[in-house]
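Worksheet for the structure shown next.
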Number of protein chains: 2
Amino acid sequence: MVRPAREPAMTDVAKLAGVSHQTVSRVLNDHPNVREQTRLRVQAAINELGYRPNKAARLLVTGTSQVIGVVSRSSTLYGPAATLSSLAEEAVKRGFTVNVESVRTLDRQPIADAIGRHLDQRVAGLVIIAPVESANDALDDLPEDIPLVTIDGDPGRPTELVTVDQEAGAYAATRHLLNAGHATVWHVSGPDDWFDARGRISGWRRALTEAGAEVPPLMSADWLAASGYRNGQILARMSDVTAVFAANDHLALGVLRALHERGRKVPEDVSVVGFDDVPEAAYYIPPLTTVRPDFDAVAAASIDLLLAQIDSGRRLGDRRVLTPTLVTRESVAPPRA
Amino acid sequence: MVRPAREPAMTDVAKLAGVSHQTVSRVLNDHPNVREQTRLRVQAAINELGYRPNKAARLLVTGTSQVIGVVSRSSTLYGPAATLSSLAEEAVKRGFTVNVESVRTLDRQPIADAIGRHLDQRVAGLVIIAPVESANDALDDLPEDIPLVTIDGDPGRPTELVTVDQEAGAYAATRHLLNAGHATVWHVSGPDDWFDARGRISGWRRALTEAGAEVPPLMSADWLAASGYRNGQILARMSDVTAVFAANDHLALGVLRALHERGRKVPEDVSVVGFDDVPEAAYYIPPLTTVRPDFDAVAAASIDLLLAQIDSGRRLGDRRVLTPTLVTRESVAPPRA
DNA sequence: GCACAGTCTGTTAACGTTCACAATCGAGCT
DNA sequence: AGCTCGATTGTGAACGTTAACAGACTGTGC
């Protein structure tokens, strides 16, 4: 047998099966009106040649692919990474494939460029992880007819949106600390241009004000352990601080360490709660009480919403808000008497 | 102006600029022999129409895209996630885009399927994160002519490979503990079907045997804090254990916690070293001495090797082995006298 | 026997690029 | 003036698929 110079195409299969290329196409697309016997002959020819349809040709004529474009910041933050990997998995399950465009920053222009590259590939739809304002701005220029879902996007924007109810999670965390008997709760927050961080701040604040507790000054940080540590060093010096809610687990880790260094015991002297429930949180010293968002569910809901748009051919304005759950471990206790 | 029923194509631009479609193509591909004046006219027409070239059509005729296919296990392990996000960033820098296929398991078939989907999209090359044997097996069926780089792949396989020198890293870690005066070093290893884990085991073993130290029985784990904790509970009960090298930082975290629970102080009673230098490691209690691989460099080297193949049109058999560096923090001290 | 409605299959023309080649244009030289 | 050569531009044919339509082949009812 001669090694073929080019890969087998539909016509090659057709020739081998003794049918027209169009019939091969029909077999491939599960068109109903094909005789069983013909179908089998074609299938056999496909197998014999090891034929695989050329997606580019298909895309060229149909104008749409089975690819979902995702835009995300390149990062090793747990939440985004977990969401991303679930997204891909979920998409494959539905017969789609995921194309990820990473951006270094969440500024408008890089995001717009990434979206542009996706559109060039004629993706079937877009999932954009847009946790800050500027990332959302990039959506303004988007054509109306492209299916779109934002994750952690601007709640004030009318597009389809999947998000975790940060406010409820933070409220539960703060409430949990108040219930334990603490007079008030300090908050080490995430960067305040993140919607997530804002939601957690407002949930924390609501829990305090509803309970008539004093609202301590906000401690602002990024998402990393280092800044948790810096803020923790300050908190550790204030002897009246007995409860801290950190905007994520890594911040909480930094706080734990700063408290430890200064000899303030957790949870005996200070109680700490985090957010995210990273897999390691259960092994912090002490094991961390935290709020767990279901990132798999976020991914699944996003794909759901996107496919609904793709199928219906239009924006539906749906949104899904997922409520996280409080995971209680040993880092919370009543304040000392 | 009438809203166009379809997107502008090259012929539309050509008509507007008063040239042939071929000239437009030349402008787009930076072909040298185009008069400056013509180029400007074409550019103007492109801008006016908001024309964007159709990649599918281009792909159809050239047979290759500017897309790099990546296969990786969907996971939130720090190493793979860090590599993945760097890969995408690095690729974009070079004018490529990255298409990620996530697989749930590293078994042969799922990987082969993922590769198949990439080939269907006519990717320009493949980067496969293949840290276990079965993942490498899937590469057997691959056509010879597709550029390919494996990350953390089988060192015994002749393909292009980018990897971190696990053996050297583990050797350095173990040596560091011996230098501090410990009689021997225990190792909590990763899953032994991972090449990474094997390399770390053999580096550890070599350091011990070279020093004439006793080689304690191996403690086998997965990569997660939970199993570090379980193994740590055992280690904590053995009073003669004074030094532990954990195969990654999350295992080390579990060990730290188990030791703490049992009242064994780190580093006074037991010294601990990890591997990976996750961003949080510096905030463990105590801050963790660990081995830092440069994941950005891994990604950059991978893209380098891949583009070299793409440009030259053939496998080059190159490989890059990156040496990780030891990061010393407070979790190591001499044993008690 | 013949029209008729299905069912199945084939033919031709897109889709929007690039490639190979042909044609034209100018400048520089004889 | 005519020739040559390089620079610039145009023409027609791919690439491999789906869409639209046409044709052939069945069985059914009169």
Side-chain angles (χ1 to χ4, degrees), chain A residues 4-46 49-67 117 119-124 313, chain B residues 4-46 49-67 117 119-124 313:
Chain A
R6 59 172 177 79
E7 294 185 24
M10 206 171 252
T11 51
D12 302 317
V13 175
K15 205 170 298 171
L16 182 59
V19 297
S20 75
H21 66 134
Q22 180 57 25
T23 298
V24 177
S25 170
R26 278 190 268 255
V27 170
L28 251 35
N29 295 297
D30 290 323
H31 196 91
N33 292 342
V34 178
R35 208 165 17 137
E36 188 55 23
Q37 184 190 337
T38 313
R39 181 188 309 278
L40 292 175
R41 258 208 332 273
V42 170
Q43 288 288 7
I46 287 174
L49 294 177
Y51 165 78
R52 311 202 63 157
N54 184 321
K55 305 257 174 161
R58 180 177 204 287
L59 172 52
L60 179 58
V61 56
T62 62
T64 180
S65 63
Q66 294 282 97
V67 176
R117 288 192 294 270
L119 295 181
D120 283 353
Q121 308 282 347
R122 303 297 192 275
V123 294
Chain B
R6 61 173 175 78
E7 294 185 23
M10 206 172 253
T11 51
D12 301 319
V13 175
K15 205 170 298 170
L16 183 59
V19 296
S20 75
H21 64 129
Q22 180 57 30
T23 298
V24 178
S25 171
R26 278 189 268 256
V27 169
L28 251 35
N29 294 296
D30 289 323
H31 195 91
N33 293 340
V34 178
R35 207 162 20 134
E36 189 54 25
Q37 182 190 340
T38 313
R39 180 187 311 279
L40 292 175
R41 256 207 336 270
V42 171
Q43 289 288 9
I46 287 174
L49 294 177
Y51 164 78
R52 310 202 63 158
N54 184 323
K55 304 259 177 167
R58 179 178 204 286
L59 172 52
L60 179 58
V61 55
T62 61
T64 182
S65 62
Q66 295 283 95
V67 176
R117 287 192 294 269
L119 295 181
D120 283 352
Q121 308 282 346
R122 302 301 191 273
V123 294

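Proteins get letters first, then strands, A, B, ... in listed order; numbering begins at 1 in each.
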How long is the straight-line distance from [atom2] of [Y] back to [atom1] of [X], given to the nearest 0.5 Å?
X: B:R122; Y: B:Q66; atom1: CZ; atom2: CD; answer: 16.0 Å
X: B:R58; Y: B:S25; atom1: CZ; atom2: OG; answer: 8.5 Å
X: A:N54; Y: A:E7; atom1: CG; atom2: CD; answer: 8.0 Å

Could you state the atom-to-atom distance from [atom1] of [X] to [atom2] of [N] in whole Å?
X: A:D30; N: D:dT18; atom1: CG; atom2: P; value: 12 Å
X: B:R122; N: C:dT17; atom1: CZ; atom2: P; value: 19 Å
X: A:Q22; N: C:dT11; atom1: CD; atom2: P; value: 11 Å
X: B:R26; N: D:dT8; atom1: CZ; atom2: C1'; value: 7 Å
X: B:L59; N: D:dT17; atom1: CG; atom2: P; value: 12 Å
X: B:Q37; N: D:dA7; atom1: CD; atom2: P; value: 19 Å
X: B:H31; N: C:dC19; atom1: NE2; atom2: C1'; value: 11 Å
X: B:K15; N: C:dG16; atom1: NZ; atom2: P; value: 12 Å

Side chain of [X] only, please: which of [options] is the nearest?
X: B:V19; options: D:dT17, C:dC8, D:dG10; value: D:dG10
X: A:L60; options: D:dT18, C:dT7, C:dC15; value: C:dC15
X: B:S20; options: D:dG10, C:dT7, D:dG16; value: D:dG10
X: B:V61; options: D:dA7, C:dT9, C:dG16; value: C:dG16
X: A:T23; options: D:dT8, C:dG10, C:dC8; value: C:dG10
X: A:P53; options: C:dT17, C:dG16, D:dT17; value: D:dT17
X: A:N54; options: D:dG16, D:dG10, C:dT17; value: D:dG16

Requested in this report: Could you tell me whether A:T38 contacts a base, only the sugar-phosphate backbone, or nothing, with contacts defined as non-hydrogen atoms closer than 4.0 Å?
Outcome: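 A:T38: backbone/sugar contact only, no base atoms under 4.0 Å.
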Requested in this report: Check whether any side-chain N or O of B:N29 sits under 4.0 Å from OP1 or OP2 of C:dT18, and answer yes or no.
Outcome: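 Yes, within the criterion.
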Query - With B:V24, the side-chain contact (heavy atoms from CB on, under 4.5 Å) member among B:M10, B:K15, B:Q43 - result: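 Running side-chain contact (heavy atoms from CB on, under 4.5 Å) over B:M10, B:K15, B:Q43 with B:V24 returns exactly one hit, B:M10.
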Query raised in the report: Taking for each residue the nucleotide of DNA chain D with the nearest heavy atom, is it B:H21 or B:R35 whose nucleotide lies nearer the 5' end?
Result: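 Taking each residue's closest nucleotide, the earlier one in sequence belongs to B:R35.
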Requested in this report: Give the C-alpha distance, both sets of side-chain angles, the deciding distance and a yes or no for side chain to side chain contact (heavy atoms under 4.5 Å, CB included) between A:Y51 and A:L28.
Outcome: CA-CA 11 Å; A:Y51 165 78; A:L28 251 35; 3.6 Å; yes
